[in-house]
Amino acid sequence: NLANLEVLKITDALTGDIDASRFDAINSFVLAAGLGAANTAISSVASGVTVEIGAAAVTNTWELAVNITNATLAGNNSDVVNVKLTDAAGAGTSDTGVLNLVGVDTLNIDTTQVATGTTTLYQVGVAATSTALDNVVVTGNTGLYIDTDLTSSLASFDASGMTLSAVTSTGVTMSIA
């Protein structure tokens, strides 16, 4: 096992799974080049995990599962995943792929990019298997489009932390099938 790490940064596009049980208490992951393969996973993480996605996925239907340890146990209803979307080089829309959040109750999405960034809209999907998802909280300075098949589980959507400065910014749009 690797010890004394705070952040695991992967500079190439993620093409395989990450088993965080091999790292001592690491709970922050940077996917600098985004998703490079279909159906990848980060597993054995604790609630409150942060996943930073720094580039558009090679294919926008590719899925990243974030598997929190014991998230699906009965009575366990406070698991949180934090996602930071930071692609600042993708002029226009940056489609980061699909998040599969089985057992996750709260999804926090931060769309803050650097002042010189040219991304005008982030797009992210949420898999239909994310049925425990009750709350989505969005902050940041870049527009966001969330595409999801969730039809009944979402109880709260809070985008009050968005600080869009450009009059052309899209804001937040959520498509629920």
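Computation of the quantities below employed the complete heavy-atom set of this structure, encompassing side-chain atoms and omitting hydrogens, waters and symmetry-equivalent molecules.
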Query - side chain to side chain contact (heavy atoms under 4.5 Å, CB included) between N135 and D158, intermediate numbers included - result: CA-CA 8 Å; N135 308 300; D158 178 2; over 6 Å; no
Query raised in the report: What do the steps show when you test L31 against L64 for side chain to side chain contact (heavy atoms under 4.5 Å, CB included), and what is the final call?
Result: CA-CA 11 Å; L31 309 179; L64 173 66; 3.9 Å; yes
Requested in this report: Any chance you could lay out the side chain to side chain contact (heavy atoms under 4.5 Å, CB included) test for V83 and L107, step after step, and finish with the verdict?
Outcome: CA-CA 7 Å; V83 174; L107 171 61; 3.8 Å; yes
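Side-chain contact between I53 and Y122 is absent, with no heavy-atom pair separated by less than 4.5 Å. Side-chain contact between I146 and V136 is present, with heavy atoms from C-beta onward closer than 4.5 Å. For the pair V81 and L99, the minimum side-chain heavy-atom distance is 4.5 Å or more. Looking only at side-chain heavy atoms (C-beta outward), K84 and T112 stay at 4.5 Å or farther from each other. Residues V66 and V104 are not in side-chain contact: their nearest non-hydrogen atoms beyond the backbone lie 4.5 Å or more apart.
The structure places OG1 of T40 at 5.0 Å from CG of L35, a figure rounded to the nearest 0.5 Å. Note that CG of L121 and OG1 of T93 are 4.5 Å apart. Values are rounded to the nearest 0.5 Å. Atom OG of S43 sits about 8.5 Å away from atom CD1 of I18, to the nearest 0.5 Å. In this structure, T139 OG1 and N82 CG are separated by 9.0 Å, a value rounded to the nearest 0.5 Å. The CG atom of D110 sits 9.0 Å away from atom OG1 of T86, with the distance rounded to the nearest 0.5 Å. Expressed to the nearest 0.5 Å, how far CG of N141 lies from OG1 of T111 amounts to 6.0 Å.
Between A20 and F29, the closest heavy-atom pair is CB-CZ, 3.8 Å. Closest of all the heavy-atom pairs between S21 and D19 is OG-OD1, 2.7 Å. Looking at every heavy atom in both residues, T142 comes nearest to M162 through O-CE, 3.3 Å. A13 and A33 make their closest contact through N-CB, 3.4 Å (heavy atoms, listed as atom of the first residue, atom of the second, distance). Closest of all the heavy-atom pairs between T96 and A55 is CG2-O, 4.2 Å. Here the shortest heavy-atom pairing between S94 and D87 reads OG-OD2, 2.7 Å.
Listed by first and then second residue, the side chain to side chain donor-acceptor pair (under 3.5 Å) pairs that reach into residues 3-17 come to none, sequence neighbours excluded.
Residues V126 and F157 share a single hydrophobic cluster, defined by chaining ILVMFWY side chains whose heavy atoms lie under 4.5 Å apart. Linking Ile, Leu, Val, Met, Phe, Trp and Tyr residues whenever their side-chain heavy atoms come within less than 4.5 Å places I10 and V49 in a single cluster. Hydrophobic clustering keeps V98 apart from L154 (ILVMFWY residues linked when any side-chain heavy atoms are closer than 4.5 Å, directly or through intermediates). Cluster membership check: L8 shares its hydrophobic cluster with L85, using side-chain heavy-atom separations under 4.5 Å among Ile, Leu, Val, Met, Phe, Trp and Tyr. In the hydrophobic clustering of ILVMFWY residues, with side-chain heavy atoms under 4.5 Å counting as a link, V45 and V7 come out apart.
E63 contributes no side-chain N or O that, together with a main-chain N or O of A127, makes up a donor-acceptor pair within less than 3.5 Å. Checking side-chain atoms of D105 against main-chain N and O of S78 turns up a donor-acceptor pair under 3.5 Å. N67 places no side-chain N or O within 3.5 Å of a backbone atom of S44 that could act as its donor or acceptor partner. Between the N76 side chain and the N70 main chain, a donor and an acceptor come within less than 3.5 Å of each other.
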